[in-house]
Amino acid sequence: ILNVEQSPQSLHVQEGDSTNFTCSFPSSNFYALHWYRWETAKSPEALFVMTLNGDEKKKGRISATLNTKEGYSYLYIKGSQPEDSATYLCAFDSGYALNFGKGTSLLVTP
Amino acid sequence: KAGVTQTPRYLIKTRGQQVTLSCSPISGHRSVSWYQQTPGQGLQFLFEYFSETQRNKGNFPGRFSGRQFSNSRSEMNVSTLELGDSALYLCASQHGTATGELFFGEGSRLTVL
């Protein structure tokens, strides 16, 4: 079982704040790193799939970076909005299966 | 385009019973994988099917099994249910052989009494 750690476990920010989360994963047998957003009562939705060291991806106010050599990825949210409230999951992809972290639960209050 | 559909959405069983969950993937997707989420745990990989063959398997006991049909629909079965099997079971589909983003269903929430 591969150890994928996410921090912090939970986060509460005010609307307009920028925030970031960390995902750490094994630096060996790397194939890809996934980020998903999971809103309450909905299904997880993919944000990014990153494969190359140094990759940076952006979707609107959300961006992510990847460092495969040291085994971490950051997810950034700029100017958080209440609709960003969700659990953010990262998953280490070994090419065999996805190993998910326990997620970072984000609450954005007006 | 219809999303991933899982049935039933909720069910209650008692210890010792068995349960079958169903997953219909997005049209054209040939890979279906199953995950279990229990309180305080991340999503745990159960197995993945591609073209009716189990391609990968997670670290779960043999009571957990699955299959995939020629139309890519998949079922998972849990026999001899235990209290610890109470969980949200998520199914996800993927287009082809290369690893890419997963498209998840809303899950089947199983409660074992």
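What you see below is based on every heavy atom in this structure, not just the backbone, and it leaves out hydrogens, waters and symmetry mates. We name chains A, B, ... by the order of the sequence lines, and we start the count at 1 in each one.
Neither the backbone nor the side chain of Gln6(B) comes within contact range of chain A; no heavy atom of the residue lies under 4.5 Å from a heavy atom of that chain. Heavy-atom distances place no part of Leu47(A) under 4.5 Å from chain B, backbone and side chain included. In this structure, chain B has a heavy atom under 4.5 Å from the backbone of Ala41(A), while its side chain stays farther away. Using a 4.5 Å cut-off between heavy atoms, Phe48(A) does not touch chain B at all. Residue Leu46(B): no heavy atom, backbone or side chain, is found under 4.5 Å from chain A.
In Arg63(B), the CZ atom is crowded: over 12 heavy atoms of neighbouring residues, nucleotides or ligands sit closer than 6.0 Å. Within a 6.0 Å radius of CZ in Arg73(B), more than 12 heavy atoms belonging to other residues, nucleotides or ligands are found. Dense packing is recorded around CD of Glu52(B), with more than 12 heavy atoms of other residues, nucleotides or ligands lying under 6.0 Å away.
Residues Pro44(A) and Leu90(B) come closest through the heavy atom pair CG-CD1, 4.1 Å. Across all non-hydrogen atoms, the minimal contact from Ser43(A) to Gly105(B) is CB-O, 2.9 Å. Annotation for Lys42(A) and Glu106(B): closest pair CA-OE2, 4.4 Å, computed over non-hydrogen atoms. Residues Phe45(B) and Leu98(A) approach most closely at CB-O, 4.0 Å, considering heavy atoms.
Under a hydrophobic clustering in which Ile, Leu, Val, Met, Phe, Trp and Tyr are joined whenever their side-chain heavy atoms come within less than 4.5 Å, directly or via other members, Val112(B) and Leu11(B) fall into the same cluster. Both Val32(B) and Phe64(B) are assigned to one and the same hydrophobic cluster, defined by single-linkage of ILVMFWY side chains at heavy-atom distances under 4.5 Å. Residues Tyr49(B) and Phe60(B) are members of one and the same hydrophobic cluster, defined by side-chain heavy-atom contacts under 4.5 angstrom among Ile, Leu, Val, Met, Phe, Trp and Tyr. No path of Ile, Leu, Val, Met, Phe, Trp and Tyr side chains, each step under 4.5 Å between heavy atoms, connects Leu43(B) with Phe47(B), placing them in separate hydrophobic clusters.
Between the side chain of Tyr35(B) and the backbone N or O of Phe100(A), no donor-acceptor pair lies under 3.5 Å. No donor-acceptor pair closer than 3.5 Å links the side chain of Asn56(B) to the backbone N or O of Ala97(A).
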Check the pair Phe104(B), Tyr36(A) against side chain to side chain contact (heavy atoms under 4.5 Å, CB included), reporting the backbone distance first and the verdict last.
-> CA-CA 10 Å; Phe104(B) 284 90; Tyr36(A) 291 84; 3.8 Å; yes
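Remark: Phe69(B) pairs with no residue by the ring-ring contact (aromatic ring centres under 6.0 Å, His included) rule, at least two apart or across chains.
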